[in-house]
Amino acid sequence: MKTAGAILFAAALVLPSVPAHAVVLDLSTMTCKQFVEGSPDEIKMVLTWMDGWYKGDSDEAIIDTDVFVANAKKFGTFCAANPSISIVNAAEKILGH
């Protein structure tokens, strides 16, 4: 239940900046190149999703902004160097436990 609250809170922070037109992001097929070239809003949504996904249900509903930014930088650097890899595989390499 805590994770659901954290996701809703993160969505509330991110969604007000989403453009009026709907965009569907299929993260299972998105490449690092598409991520790096995405709009700032798309990048924020992907990073927020990854943060929640890799925390799982066992972590508390806390966003440590220092850790979030550090992971985002690692992920961006990795994706810039590996544009053809999927973001799911990149996330597993960078954030996977």
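The model shown is predicted, which means the values in this text are computed figures rather than measured ones.
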**Request:** Group every Ile, Leu, Val, Met, Phe, Trp and Tyr by side-chain heavy-atom contacts under 4.5 Å, then state whether Trp49 and Val67 land in the same group.
**Result:** no
**Prompt:** Is the closest side-chain heavy-atom distance between Thr29 and Gln34 below 4.5 Å?
**Reply:** no
**Prompt:** Under 3.5 Å, is there a donor-acceptor pair between the Asp26 and Ser28 side chains?
**Reply:** yes
**Fill in**
Value for CE (Met30) from CD (Glu42), rounded to nearest 0.5 Å, stands at 6.0 Å
**Asked** Should Asn71 and Leu95 count as side-chain neighbours, where that means a heavy-atom distance under 4.5 Å?
**Response** yes
**Prompt:** Between Phe35 and Leu27, is any pair of side-chain heavy atoms under 4.5 Å apart?
**Reply:** no
**Fill in**
Here the gap from Ile43 atom CD1 to Glu37 atom CD, rounded to the nearest 0.5 Å, amounts to 9.5 Å
**Asked** Does a side-chain heavy-atom distance below 4.5 Å link Ile87 with Phe75?
**Response** yes
**Request:** Would you check if Ile63 and Asp51 make a side-chain contact, meaning some heavy-atom pair closer than 4.5 Å?
**Result:** yes
**Fill in**
Taking every heavy atom of Cys79 against every heavy atom of Val36, the minimum-distance pair comes out as CB-CG2, 3.8 Å
**Item:** Non-hydrogen side-chain atoms of Leu47 and Met50 separated by less than 4.5 Å
**Value:** yes
**Asked** Going by atom types alone, do Ser86 and Asn89 pair a side-chain donor with an acceptor below 3.5 Å?
**Response** yes
**Prompt:** Are Asp41 and Lys44 close enough, and set up right, to give a side chain to side chain contact (heavy atoms under 4.5 Å, CB included), and what steps lead you there?
**Reply:** CA-CA 5 Å; Asp41 289 335; Lys44 287 178 203 173; 4.0 Å; yes
